[in-house]
2 protein chains.
Amino acid sequence: MVEKTKPATLGDVARLAGVSIATASKALNGRAQVRESTREKVMRSAEALSFVPNPLARGLLSGTTGTVGLLTSDLEGRFSIPIMMGAEDAFGAGSTSVFLCDARGDAIREQHQVRALLSRHVDGLIVVGARPDPRPSLAGDINVPVVYAYAPSEDPDDSSVTSDNVQGGRLAAEHLLSTGRRSIGIVTGDRGYGAAHDRLAGALTALHDAGVEPVQDALFGSWSEGWGRGAARVLLEARPDLDGLICGSDQIARGAMDALRELGREIPDDVAVIGHDNWEVLAMNARPPLSTIDMNLQELGRRAAGMLFDAIGGSPTHGVEKLPCRLMVRGSTTPTS
Amino acid sequence: MVEKTKPATLGDVARLAGVSIATASKALNGRAQVRESTREKVMRSAEALSFVPNPLARGLLSGTTGTVGLLTSDLEGRFSIPIMMGAEDAFGAGSTSVFLCDARGDAIREQHQVRALLSRHVDGLIVVGARPDPRPSLAGDINVPVVYAYAPSEDPDDSSVTSDNVQGGRLAAEHLLSTGRRSIGIVTGDRGYGAAHDRLAGALTALHDAGVEPVQDALFGSWSEGWGRGAARVLLEARPDLDGLICGSDQIARGAMDALRELGREIPDDVAVIGHDNWEVLAMNARPPLSTIDMNLQELGRRAAGMLFDAIGGSPTHGVEKLPCRLMVRGSTTPTS
DNA sequence: AGCGTCCGCGAAAAGCATTTCGGTAGTTTC
DNA sequence: GAAACTACCGAAATGCTTTTCGCGGACGCT
């Protein structure tokens, strides 16, 4: 059943080409001390045997493995998958592969996974946090470069890349302003999340710059549809003149839209709503489709991979790099006309 | 900055313990020809140096690497992540690690990823399809065991594990029947999906066994909230006496619930609704929380890992193994009283 | 005391690619 | 024609662990 095609070794190639193993290696790796005719002979032999160098043997000598670990705590894969795809892109398929491990939000498990990865001699580590707030730096003596993605490290000396929440908040507010809204409310999530405050700060700055004040203080709650519904009701009761709503997440926005519609408001004609995350299954299925802020997670993964690559190459970066968000305009802020 | 703690080698351990490398290896691997006192001495030395055997050197000899590839085409990670977590569980963290690759639904890319994984000498492959229908067997000469998860292989000689959609459909119908519903409608997704037909068949069987017929033929459409809304409206118009609704996915169920509510129906008092997938972000945030069918994806991953492990060990399984679904009862089918 | 046994340990090879260094043949220079 | 090069190629070491095989010593038995 299983084909026993044992992979060809360098020795097989050398024998077929009628040269020594050393020469074959040099020919395949583009070393200089090989005659062109010999090189071609070796190349053809390698092709014929479909030879691929054994990465273990190679790694044993060089001390590197061509693998990196991606350690996530994001159970649902909401953030990890796009980041991982970006990283895959950046590493260029083939030369570097990614071990994905899930720590499931458990510090013990995280340590365990780190050890497992280190014992596999990964060349580097990307740590993806479960929430966008700073997280503790990885303890223990890691002897490979580490890049923190999405959730930056608390240690400013570490290398981190994250989404610019302030800019994202500003983007949302500016968009509502640009559609002519002036009675704008803000509903966001858990007060314990720094990202909630950052996004809020960005939005307030944009409003202030335009000479507009929010209809009332921002409402904090949780990152859920239920909270979005409740908050929208409260807000509309207090300020029936509301014509724009900035939500801290797409989940909140979905809830708020449901509540607004049930209270007889048309979206976007009466009230424009904008979310944050661009969680497509939520945003695209909203009525109307939800305008939102995209955090560019794939780009974030690419950048993280790039930084890790540089660090492996010997030129590490320090501090937190913030990547700008992107505005996704859909029906919830602009009439479909 | 970076600690240059070079990993200890077996030679270091042996020197510290005052024995030969060979003895140290045997002591650590539980071989018999070692005196107990010597073994303890070696163990202590290994502990002191926090020695971990270099997996490359070990793999070089054994021909195995202690890694498996998990190849997915599931962009959103909706299915892959739970499956991967299950696989991680089963492999027992540490001894076997998982390379996750995303083919992004592209056959070319898939071949490419397979080659990359094979060149890394993975011990086995788990292929997770994007949809639950059978998929083509992996082409090319793979010389390692392959297990297909979620989407079975078209080749009955391959080893596959998938969710039992017929049983899941039956479970949904039986649950509605058990709450006393007798005017039951069925809305499902894309007609091109075998899973849609399987779930439907299971539901019809259960209804038939209870002497109940669905209010009308099942409605096929797409796996979206929009279709759920539209279908629910059509169905309710034709059959105002509807008191139970089986949906082919949680997205459809969410849409249907919105439409039912807007048409003045109370859930679950007037109409009970049940979904399929247990996609928590959708199901838990519904009003009321959505009863649904859970496909036990994590268990599916565990099983896939187990089958792969057996195949690596030399006793492969053949054919498709179907894992039962699980009923999740929430507020959309039972009064909260 | 001498022979046979068994236990415990170590030397060495195997697994594969890379690299250094030494060597051979051919070519140039005086 | 001999010395000095150059250009190519091959032997061997390197990295680390596992395993086989053999050796030495200790113990028991006669």
Side-chain angles (χ1 to χ4, degrees), chain A residues 4-43 45-46 49-67 94-95 118-123 143, chain B residues 4-43 45-46 49-67 94-95 118-123 143:
Chain A
K4 287 203 170 180
T5 336
K6 282 196 179 168
T9 77
L10 186 57
D12 299 334
V13 176
R15 201 172 325 118
L16 182 60
V19 299
S20 77
I21 292 183
T23 305
S25 172
K26 278 179 284 197
L28 291 172
N29 293 328
R31 285 285 173 287
Q33 310 104 326
V34 182
R35 205 187 322 164
E36 202 50 39
S37 64
T38 311
R39 184 186 306 279
E40 278 178 20
K41 206 166 45 179
V42 173
M43 295 290 225
S45 304
L49 296 167
S50 67
F51 165 76
V52 276
N54 184 329
L56 294 108
R58 173 181 278 168
L60 190 55
L61 198 55
S62 68
T64 64
T65 52
T67 60
S95 63
L118 290 181
S119 82
R120 289 221 118 74
H121 286 213
V122 291
D123 296 338
N143 50 7
Chain B
K4 286 202 171 183
T5 334
K6 282 196 178 167
T9 75
L10 185 57
D12 301 332
V13 176
R15 202 173 324 118
L16 181 60
V19 299
S20 78
I21 293 183
T23 305
S25 170
K26 278 178 286 197
L28 292 173
N29 292 325
R31 284 285 173 288
Q33 311 102 330
V34 183
R35 205 189 322 164
E36 202 50 38
S37 63
T38 311
R39 184 187 306 278
E40 277 177 21
K41 205 165 48 181
V42 173
M43 294 289 227
S45 304
L49 296 167
S50 65
F51 165 77
V52 275
N54 185 330
L56 293 107
R58 171 181 278 171
L60 189 56
L61 196 57
S62 67
T64 64
T65 51
T67 60
S95 63
L118 290 182
S119 82
R120 288 220 119 73
H121 287 215
V122 291
D123 296 337
N143 50 9

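A, B, ... follow the sequence lines: proteins, then strands. Residue 1 opens every chain.
If you find the closest nucleotide of DNA chain C to A:Leu28 and to B:Ser37, the one lying nearer the 5' end belongs to B:Ser37.
Of the residues in residues 12-24 of chain A, A:Val19, A:Ser20, A:Ala22, A:Thr23 come within less than 4.0 Å of DNA chain D through at least one heavy atom, sorted by number. For DNA chain C, the neighbouring residues in residues 50-65 of chain A, judged by any heavy atom under 4.0 Å, are A:Phe51, A:Pro53, A:Asn54, A:Ala57, A:Arg58, A:Leu61.
Between the OG1 atom of B:Thr9 and the CG atom of B:Leu49 there is a distance of 9.0 Å, given to the nearest 0.5 Å.
In the helix from C:dA1-D:dT30 to C:dC30-D:dG1, the end axes, each obtained as the rotation axis mapping the C1' atoms of four pairs onto the next four within a five-pair block, lie 60° apart to the nearest 10 degrees.
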Sub-3.5 Å pairs of nitrogen or oxygen atoms, protein against nucleotides 21-27 of chain C:
none

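Here the closest heavy-atom approach between residue B:Val13 and residue B:Ala46 is recorded as CG1-N, 3.8 Å. When all heavy atoms of A:Ala57 and B:Leu60 are compared, the pair lying nearest together is CB-CD1, 3.8 Å. Scanning both residues, A:Arg58 and A:Pro53, for their nearest heavy atoms gives NH2-CG, 3.3 Å. Nearest heavy-atom pair across A:Leu28 and A:Phe51 is CD1-CE2, 3.7 Å.
Scanning for side-chain hydrogen bond (donor to acceptor under 3.5 Å, both in side chains) contacts around A:Thr38 gives an empty result, with sequence neighbours left out. In this view, A:Thr64 and A:Ser62, A:Asp123 satisfy the side chain to side chain contact (heavy atoms under 4.5 Å, CB included) rule, not counting sequence neighbours. Residues satisfying the side chain to side chain contact (heavy atoms under 4.5 Å, CB included) criterion with A:Pro55, sequence neighbours excluded, are B:His121. Every residue meeting the side chain to side chain contact (heavy atoms under 4.5 Å, CB included) condition with B:Ile21, not counting sequence neighbours, appears here in chain and number order: B:Leu10, B:Ala14. B:Ser20 pairs by the side-chain hydrogen bond (donor to acceptor under 3.5 Å, both in side chains) definition with B:Thr23, not counting sequence neighbours.
C:dT19 atom C1' lies 10 Å from atom CG of A:Asn29, rounded to whole Å.
Among residue pairs with one or both ends in residues 7-19 of chain B, those qualifying as salt bridge (charged side-chain N to carboxylate O under 4.0 Å, His left out) are B:Asp12-B:Arg15; sequence neighbours excluded. Sequence neighbours left out, the pairs with a member in residues 27-37 of chain B that pass salt bridge (charged side-chain N to carboxylate O under 4.0 Å, His left out) are B:Glu36-B:Arg39.
Read 5' to 3', the first and last nucleotides of DNA chain D with an atom closer than 4.0 Å to a heavy atom of chain A are D:dC8 to D:dC16.
Here A:Ser25 lies in heavy-atom contact (under 4.0 Å) with a base.
Side-chain atoms of A:Arg120 do not come within 3.5 Å of backbone N or O of A:Thr65 as any donor-acceptor pair.
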